Amino acid sequence: MHVFLPDGKRLEVPENATGGDVAAAIGPGLARAALGVVVDGRLSDLLSEVHEGANVNILTGKDGEVIELMRHTLAHVMAQAVREVFVEQGFDARSVRPGIGPVIENGFYYDFELPRTLTPTDLEAIEARMREIVSANLPLMKFERTRDEALSFYKDQLNPYKVELIEDLPDGESITFYQQGVDPDRGFVDLCRGPHVPLTGTLPKHFKLLSVAGAYWRGDEQRPMLQRIYGAAFRTEDELETYLWQVEQAKLRDHRKLGRELDIFTLDDEVGPGLPLWLPRGTVIIEELEALAREIELRSGYQRVRSPHLSKESLFLKSGHLPYYADSMYPPMELEGIRYYVKPMNCPFHHKIFAARPHSYRDLPVRLAEYGTCYRYEKSGELFGLMRVRSMQMNDAHIYCSEEQFEAEFMRVIDLYLEYFKLFGIDDYLMRLSTHGKAGLGKKYVDNEVLWERTEAMVRSAMDRGGVPYVEVADEAAFYGPKIDVQIKSAIGREFTLATNQVDFAVPERFNLEYIDADNKPRTPLCIHRAPLSTHERMIGFLLEHFNGDFPLWLAPEQVRVVPIADRHTPYALSVRQQLNDQGLRSEVDMRGERMNAKVRDAELLKVPYIVVVGDREQESATVSFRSRKEPDRKAVPIGEFSAHVSKVAVERQLDIEPIALA
RNA sequence: GCCAAUGUAGCUCAGAGGUAGAGCAAUCGAUUCGUAAUCGAUAGGUCGUCGGUUCAAAUCCGACCAUUGGCUCCA
């Protein structure tokens with residue numbers, strides 16, 4: 001048979017040739033350097049056969065893709081090391097039961113059922129053993145087994161996980177194994193579809209086991225919890241060091257750390273988990289966000305409403321929340337025989353507000369906005385600083401519209417997201433369209449397939465026409481309709497949903513919402529739930545990390561810090577502050593008996609955007625000297641000019657400070 | 001919720017059966033200083049909570065609470 005090389009050359013190779021055979025046919029030097037192969041654009045390994053007429057590209061250590069193979073093989077090496085370490089401690093080899101061990105973004109992991117829990121010291125021992133296995137330069141072999149052979153192999157090993165994996169393989173799929181080491185009793189054999197490097201000696205030394213964590217078998221909390229070991233691996237020392245450094249740097253941006261250092265929020269044991277307290281500086285930020293949203297919504301035809309924090313059980317039964325969301329709601333309180341729930345969402349109230357007055361088609365769309373605080377009983381392990389809390393202020397609104405208006409309204413909401421994102425300089429995000437899954441109809445989702453299909457088509461069409469890029473994920477919709485989420489990553493790499501925009505074609509009907517159409521017939525409106533600024537908790541958590549605490553002027557809790565050089569300058573400093581306050585700016589004077597240097601430093605640590613220094617010279621000339629992120633040392637700027645400039649930057653919500661032009 | 005680790009002063013951390021420590025922050029005093037830490041003094045803690053072991057527990061054991069890292073879920 002023959003294959004084609006990247007230069008188009010045709011190469012004759014024996015029947016059933018592997019990637020390794022192809023490399024050998026090209027030349028002995030390449031055969032020695034080869035680590036993997038790309039066959040018809042797909043990553044494969046030297047142990048796997050290539051097919052007749054394949055386009056083959058041999059990979060060596062110079063090719064970036066080989067790290068995939070290396071990470072995968074390292075996962076197997078780790079499994080071998082874990083088994084050897086446990087056997088050495090007197091455990092039966094069969095008590096170490098590997099689950100799955102895939103490649104991930106910066107390395108790999110492997111899940112195991114083990115006879116005891118792992119400790120950090122175990123990681124050191126396992127890593128040391130891994131290095132020995134790498135040094136031993138064990139060859140890897142690939143072989144195929146029948147389903148029965150494969151099953152009996154793992155039944156002998158007492159490994160139910162691999163048995164389950166094999167049972168789930170579709171008929172006709174070949175069942176392949178990789179073995180490292182010639183003697184399977186001393187090496188390691190694993191069910192695996194590959195690909196792998198040919199020798200453990202080709203693996204880089206630049207790996208590090210990072211952590212142990214519990215992980216449910218197949219991610220299902222009903223199933224056993226295995227122990228997962230995470231490792232990072234790179235081709236070069238530099239890459240590994242850079243990665244570990246980035247992890248450290250990311251920790252410095254963590255909103256929980258910044259929130260404490262900048263006096264933004266606090267969590268108190270006696271108040272309760274996931275119930276943040278907003279300190280004065282944090283409250284400023286929330287209120288600036290609210291002011292922004294109010295302003296924009298006023299321009300966009302929204303009306304503000306208000307609703308209570310709790311209601312009778314019947315409201316949530318009607319909305320459908322209780323059957324679907326009871327687990328994440330605070331339990332009811334009973335008064336005079338009636339059960340009340342604290343609200344997990346504002347929508348039922350807004351539906352009731354819509355229903356409180358008759359509506360004509362001429363009124364639509366009706367847009368009701370409220371930054372209502374909701375309470376959800378998130379599972380304890382899921383709480384995370386401000387990003388995942390139990391009390392949250394939703395940047396909420398519900399838009400009631402006709403089907404004809406839907407697409408335009410939906411796009412207006414998407415445009416709103418984009419307007420906000422531009423204002424905050426957010427450009428690293430992913431829009432995700434979540435659609436229903438057929439299997440969930442009647443359980444996870446409202447049972448009306450026709451409506452689902454129709455609404456999903458409307459959303460797709462709105463997104464396509466607006467030219468907004470998005471990815472589609474099946475089976476992740478809300479129970480009442482499809483949704484668009486905006487996904488972002490926190491500083492430490494955790495993913496969160498920021499904005500959300502959900503279509504609701506089901507609940508308005510349950511609430512008998514209607515408007516009188518032009519033909520004098522009642523019709524049910526569609527409802528769009530939207531939260532472009534997410535919850536204010538999460539938004540601020542995100543913004544803290546996004547700006548690393550260096551907020552744009554309009555959001556900065558304190559905009560100008562005035563530093564008098566000596567006590568005799570305090571009255572002038574106070575008068576400067578007064579002039580700034582009169583312009584609507586947030587300013588404080590540092591009157592401590594500290595040296596100016598210390599005051600400047602403390603203001604820098606609090607990331608105050610403008611630090612004004614006043615002494616004799618400023619006092620005599622009614623000027624200020626200051627520093628900002630863009631201007632390290634500006635001298636003698638007339639006070640009026642300074643305050644006018646700063647308030648302009650704040651009022652216009654400029655993302656960056658712009659230096660004051662020289663007069 | 002599950003698995004694991006952690007919990008000492010406002011913050012960052014040391015102490016590992018025998019009278020609770022440091023730096024920063026705070027308070028007081030001195031200093032009045034020109035762009036990232038002035039000097040000195042003082043005060044501050046039932047060592048997460050409750051129980052157990054012990055002559056003696058921050059330290060050992062147990063339960064609970066909280067936080068952190070994951071799993072799962074979501075704004």
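Letters go in sequence order (proteins before strands), and every chain restarts at 1. This is a predicted model, so every value here is computed, not measured.
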Tell me what A/Leu210 touches on the nucleic acid: a base, only sugar-phosphate, or nothing, going by heavy atoms under 4.0 Å. nothing
With a 4.0 Å cut-off on heavy atoms, is A/Gln227 in touch with a base, just the backbone sugar-phosphate, or nothing at all? nothing
Looking for any heavy atom pair under 4.0 Å, which part of the strands does A/Arg568 touch: base, sugar-phosphate only, or nothing? sugar-phosphate
Under 4.0 angstrom, heavy atoms only, what part of the nucleic acid is A/Met392 near: base, sugar-phosphate, or nothing? base
Reckon A/Thr535 touches a base, only the sugar-phosphate, or nothing at all at heavy-atom distances under 4.0 Å? base
What is the separation between atom CG on A/Asp269 and atom P on B/C50, rounded to the nearest whole Å? 14 Å
With a 3.5 Å cut-off and heavy atoms only, can you find an N or O donor on one side and an acceptor on the other between the side chain of A/Glu382 and the base of B/U72? yes
Check every atom of B/A75, B/U68, B/G34 against the side chain of A/Glu618 and return the nucleotide holding the closest atom. B/G34
Is A/Val389 touching bases, backbone alone, or none of the nucleic acid, heavy atoms closer than 4.0 Å? base
To the nearest Å, how far apart are A/Lys257 NZ and B/G10 P? 18 Å
Would you mind reporting whether A/Leu267 and A/Pro273 have side-chain heavy atoms less than 4.5 Å apart? no
Does the ring centre of A/His536 sit less than 6.0 Å away from the ring centre of A/Tyr371? yes
Reckon A/Tyr230 has a side-chain N or O less than 4.0 Å from the OP1 or OP2 of B/C71? yes
Would you say the ring centers of A/Tyr610 and A/Phe642 fall short of 6.0 Å from each other? yes
Pick out which of A/Arg577, A/Gln559, A/Glu558 makes a side chain to side chain contact (heavy atoms under 4.5 Å, CB included) with A/Leu585. A/Gln559
Return the nearest nucleotide to the side chain of A/Met596; candidates are B/C71, B/G34, B/A75. B/G34
Which base sits across from B/G40 as a Watson-Crick or G-U pair, both distances under 3.5 Å? B/C28
Flag the pair A/Ile229 / A/Asp122 as yes when at least one side-chain heavy-atom distance between them is below 4.5 Å, and no otherwise. no
Any-strand Watson-Crick or G-U partner of B/U68, both distances under 3.5 Å: B/A4
Kindly indicate whether the side chain of A/Val342, heavy atoms from C-beta on, has any atom under 4.5 Å from the side chain of A/Met329. no
Geometric class of the A/Phe479/A/His321 ring pair [parallel <30°, tilted 30-60°, perpendicular >60°]: perpendicular
For the side chain of A/Arg595, starting at C-beta, report the closest nucleotide among B/C2, B/C73, B/U38. B/U38
From CG of A/Asn597 across to C1' of B/U31 the rounded distance in Å is 14 Å
In whole angstroms, the gap separating P of B/G7 from CD of A/Glu270 amounts to 21 Å
Can you tell me the distance, in whole Å, between the CZ atom of A/Arg538 and the P atom of B/A75? 8 Å
If you look at every strand shown and take non-hydrogen atoms under 4.0 Å, does A/Ser380 touch a base, only sugar-phosphate, or nothing? base
What is the distance, to the nearest angstrom, from the CG atom on A/Asp254 to the C1' atom on B/C11? 16 Å
Looking at B/A36, B/A75, B/G1, which one has an atom nearest to any side-chain atom of A/Arg390? B/G1
Check every atom of B/G70, B/A36, B/A75 against the side chain of A/Ala213 and return the nucleotide holding the closest atom. B/G70
For A/Glu221 and B/U72, give me the distance from atom CD to atom C1', rounded to whole Å. 5 Å
Sub-4.0 Å heavy-atom contacts from residues 418-426 of chain A onto RNA chain B, ordered by number: none
Classify A/Arg228 by what it touches in the nucleic acid, base, sugar-phosphate, or nothing, heavy-atom distance under 4.0 Å. sugar-phosphate
Is there a donor and acceptor pair closer than 3.5 Å between the side chain of A/Arg388 and the base of B/C73? yes
Taking the six-membered ring for Trp, are A/Trp452 and A/Phe505 parallel (under 30°), tilted (30 to 60°) or perpendicular (over 60°)? perpendicular
Reckon A/Glu537 touches a base, only the sugar-phosphate, or nothing at all at heavy-atom distances under 4.0 Å? nothing
For the residue pair A/His255 and A/Phe265, categorise the inter-ring angle as parallel (less than 30°), tilted (30 to 60°) or perpendicular (more than 60°). parallel
A/Gln222 vs B/G1: side-chain N/O to OP1/OP2 distance below 4.0 Å: no
Just to be sure I understand the rule, does A/Gly219 reach a base, reach only the sugar-phosphate, or reach nothing, if contact means heavy atoms closer than 4.0 Å? sugar-phosphate
Answer yes or no: side-chain N or O of A/Asp567 and base N or O of B/U32 forming a donor-acceptor pair under 3.5 Å. yes
Let me know the distance between NE2 of A/His255 and P of B/U68, rounded to the nearest Å. 8 Å
Should B/G21 form a Watson-Crick or G-U wobble pair with both distances under 3.5 Å, which nucleotide is its partner? B/C13
